[in-house]
Amino acid sequence: GLPSVANEHWKYTNVSRLGERALRSATAGDGASVSAASFAALELSTDSALRVVLVNGCVRDDLGAGGSLPQGLRVRSMAALQEQDPERLATLLDTDVEAGSTFQALNTALLGDGVVIEVDHNVSLREPLHLVMLGTGDDLLRSPRVLVHMGRNSELRLIEEYVSLDAASGLTNSVCEVRLAVGATLFHHRLANESAASSHIGRVAVEVDEQGQYVSDSLAFGGELTRVDIDVNLVGRGARCRLNGLFVADGQQHVDHHTRIEHRVGDTHSAELYRGILDGRSRGVFNGRVLVARDAQKITAQQASNNLLLSRLAEIDTKPELEIYADDVSCAHGATVGELDAAALFYLRSRGVGAADARALLTYALAQEIVDEIPLPGVRRWLETRFLGHTRYSQLLSALESL
């Protein structure tokens with residue numbers, strides 16, 4: 001069954017309404033009408049030469065880009081792999097990070113297609129791999145699955161973008177599982193930007209071995225209800241992770257981020273920064289838990305949650321947690337909730353900036369630290385236009401820099 005608000009991890013997010021909807025599990029046929037022309041009209045965050053497209057959770061080779069992949073990188077459809085090498089797929093699924101939720105179990109039960117990404121040892125890829133998760137149709141349950149296996153001392157930048165072709169309704173229930181071998185690095189940019197009529201449940205489960213590094217940017221904008229769980233296990237000495245998040249909600253949207261970082265051994269390090277911007281009657285949730293295992297000495301863990309309420313009817317529930325079973329550690333966490341500074345608004349107005357532009361600039365200022373950490377010009381520009389508009393963002397930024 002679905003979790004209820006009696007469950008501590010779902011205390012602030014009621015998903016009972018999802019169980020009341022008559023959703024049908026999506027098939028490849030549900031996205032057959034999506035053409036190259038309709039896909040080209042989408043406003044995506046980047047135009048990478050390496051692109052893989054899934055429509056309603058099923059791989060569409062005709063919408064992808066890049067032709068032959070770079071040497072050392074393999075990207076395969078799970079459905080195709082099931083036909084070509086079922087033993088290999090079974091092996092990959094058997095070694096996945098352990099199941100962690102009802103929704104992951106549901107994803108596994110309905111697993112029909114997905115993407116397996118493998119990077120060989122000592123391979124460093126400069127061009128980002130762009131996964132486009134496209135939703136279309138009404139009252140569909142989409143179950144995309146992504147497996148990422150990184151070899152020793154390898155490096156990959158992955159963009160995982162969820163978008164809707166139309167006013168698609170239903171639920172996207174996605175799972176992404178990552179295993180980083182010794183010295184491997186993954187930069188993972190996750191963008192949830194589906195239609196206002198859809199809901200999104202996502203889980204990212206990561207295991208980082210010795211000297212490995214996982215860098216995450218989780219961005220949530222669209223959707224009626226969005227919940228993203230990110231679980232990172234640091235299992236080898238020298239393993240690191242950096243989790244950044246930005247969520248924006250308006251109207252009656254509900255956005256929930258739950259993160260869990262487990263330092264299983266000593267000399268592991270984590271840093272986490274999440275920022276939420278809420279307007280209208282929207283509600284945001286952030287729960288960040290850091291667990292330091294017994295005798296995992298000499299670890300560092302920093303965590304911060306900063307939130308901006310643009311409306312007196314908006315609400316944020318923020319709950320940073322530390323659970324420590326070692327004594328030689330450096331850990332800190334904190335949370336803030338505030339509103340736009342009236343003095344700063346007055347200053348911008350006095351310098352000739354209009355009321356709406358002043359409000360947009362100050363709102364963007366909270367997001368900018370997250371945005372600046374993403375070294376992808378296309379993604380940064382996409383984020384800037386989300387806050388400052390398509391036609392005036394460069395002028396507004398110039399005005400801000402001149403003040």
Side-chain angles (χ1 to χ4, degrees), residues 45-46 48-52 66 69-75 92 95-97 115-131 146-161 175-191 203-219 228 230-246 259-274 290 296 298-303 369-380:
S45 63
T46 188
S48 174
L50 300 177
R51 185 179 68 226
V52 178
L69 297 173
Q71 187 173 1
L73 171 66
R74 291 180 301 282
V75 181
L92 291 171
T95 59
D96 289 344
V97 180
V115 176
V116 177
I117 301 169
E118 297 175 282
V119 184
D120 290 342
H121 304 314
N122 304 310
V123 171
S124 182
L125 298 164
R126 299 304 176 189
E127 183 75 20
L129 176 61
H130 188 193
L131 295 185
V146 180
L147 303 181
V148 182
H149 286 242
M150 305 276 297
R152 293 188 303 274
N153 301 314
S154 61
E155 182 176 318
L156 174 68
R157 189 174 296 276
L158 177 66
I159 303 169
E160 185 183 353
E161 183 171 8
V175 175
C176 177
E177 294 171 301
V178 178
R179 281 185 176 271
L180 303 182
V182 174
T185 298
L186 177 65
F187 299 93
H188 188 192
H189 312 288
R190 191 181 195 281
L191 287 68
R203 182 169 189 263
V204 181
V206 185
E207 187 171 282
V208 187
D209 210 334
E210 183 178 347
Q211 299 300 323
Q213 181 177 210
Y214 176 70
V215 180
S216 166
D217 296 293
S218 180
L219 313 172
V228 180
I230 301 179
D231 295 341
V232 182
N233 292 323
L234 303 176
V235 301
R237 288 190 171 274
R240 297 175 178 271
C241 72
R242 190 273 279 158
L243 307 184
N244 279 1
L246 175 65
T259 67
R260 181 180 184 274
I261 302 173
E262 184 171 349
H263 294 258
R264 291 190 178 179
V265 299
D267 188 26
T268 50
H269 310 278
S270 66
E272 188 171 6
L273 174 62
Y274 270 73
V290 175
K298 300 189 182 302
I299 70 100
T300 61
Q302 306 294 324
Q303 183 187 111
E369 186 175 349
I370 303 293
V371 176
D372 288 346
E373 287 284 318
I374 303 175
L376 296 170
V379 176
R380 287 205 306 270

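Values below: all heavy atoms of this structure, side chains included; hydrogens, waters and symmetry mates excluded.
- Minimum heavy-atom separation, S45 to I159: OG-CG2, 4.3 Å.
- Among the candidates E373, Q302, E272, Q213, the single residue satisfying the side chain to side chain contact (heavy atoms under 4.5 Å, CB included) test with R242 is E373.
- Side-chain contact check for V265 versus V235: every heavy-atom pair is 4.5 Å or farther apart.
- Nearest heavy atom pair, residue S48 against residue P128, reads OG-O, 2.5 Å.
- When side chains are defined from C-beta on, L69 counts as touching L50, because their heavy atoms get closer than 4.5 Å.
- For the pair T259 and V228, the minimum side-chain heavy-atom distance is 4.5 Å or more.
- Going from atom CD of E210 over to atom CG of D267 covers 9.0 Å, rounded to the nearest 0.5 Å.
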field: Verdict with supporting geometry, T185 and E155, side chain to side chain donor-acceptor pair (under 3.5 Å)
entry: CA-CA 5 Å; T185 298; E155 182 176 318; 4.9 Å; no
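- L219 CG to L191 CG: the interatomic distance, rounded to the nearest 0.5 Å, is 4.5 Å.
- Atom-to-atom distance recorded for L129:CG and L131:CG is 5.0 Å, nearest 0.5 angstrom.
- In this structure, the side chains of V75 and V116 stay at 4.5 Å or more apart for every pair of heavy atoms.
- Sparse packing is recorded around CD of E369, with 12 or fewer heavy atoms of other residues, nucleotides or ligands lying under 6.0 Å away.
- No side-chain N or O of H188 forms a donor-acceptor pair with one of S216 less than 3.5 Å apart.
- Taking CD1 of I117 as the start and CG of L73 as the end, the distance is 7.5 Å to the nearest 0.5 Å.
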Audit row: S270, H263, side chain to side chain donor-acceptor pair (under 3.5 Å) steps and yes/no: CA-CA 9 Å; S270 66; H263 294 258; 3.0 Å; yes
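- Separation of atoms NE2 (H149) and CZ (R74) is listed at 11.0 Å; rounding is to 0.5 Å.
- The shortest heavy-atom contact between I230 and S218 is CD1-CB, 4.0 Å.
- Across R380 and I374, no two heavy atoms sit closer than the pair NH1-O, 2.7 Å.
- Under the side chain to side chain contact (heavy atoms under 4.5 Å, CB included) rule, V178 has a single partner from L147, V206, L158, which is V206.
- Scanning both residues, L243 and Y214, for their nearest heavy atoms gives CD2-CE2, 3.8 Å.
- Here the shortest heavy-atom pairing between A181 and D209 reads C-CB, 3.8 Å.
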task: Begin from the C-alpha positions of C241 and V215 and carry the test side chain to side chain contact (heavy atoms under 4.5 Å, CB included) through to its verdict.
output: CA-CA 6 Å; C241 72; V215 180; over 6 Å; no
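- Residue H189 is tested with H130, E160, R157 for a side-chain hydrogen bond (donor to acceptor under 3.5 Å, both in side chains); the sole match is R157.
- Here D217 does not pair with R190 in a salt bridge; the nearest charged N to carboxylate O distance is not below 4.0 Å.
- Using a cutoff of 4.0 Å between basic side-chain nitrogens and carboxylate oxygens, R260 and E262 are scored as salt-bridged.
- Atoms CD1 and CZ, from I299 and R264 in turn, are 14.5 Å apart once rounded to the nearest 0.5 Å.
- You'll find the side chain of V290 reaches within 4.5 Å of the side chain of Q303, heavy atoms only.
- Looking at V148 and M150, their side chains come closer than 4.5 Å, going by heavy atoms from C-beta outward.
- Within the 4.5 Å cutoff, no side-chain heavy atoms of V208 are placed close to those of N233.
- Inter-residue side-chain proximity for S154 and D120 is flagged as unmet; no heavy-atom pair is nearer than 4.5 Å.
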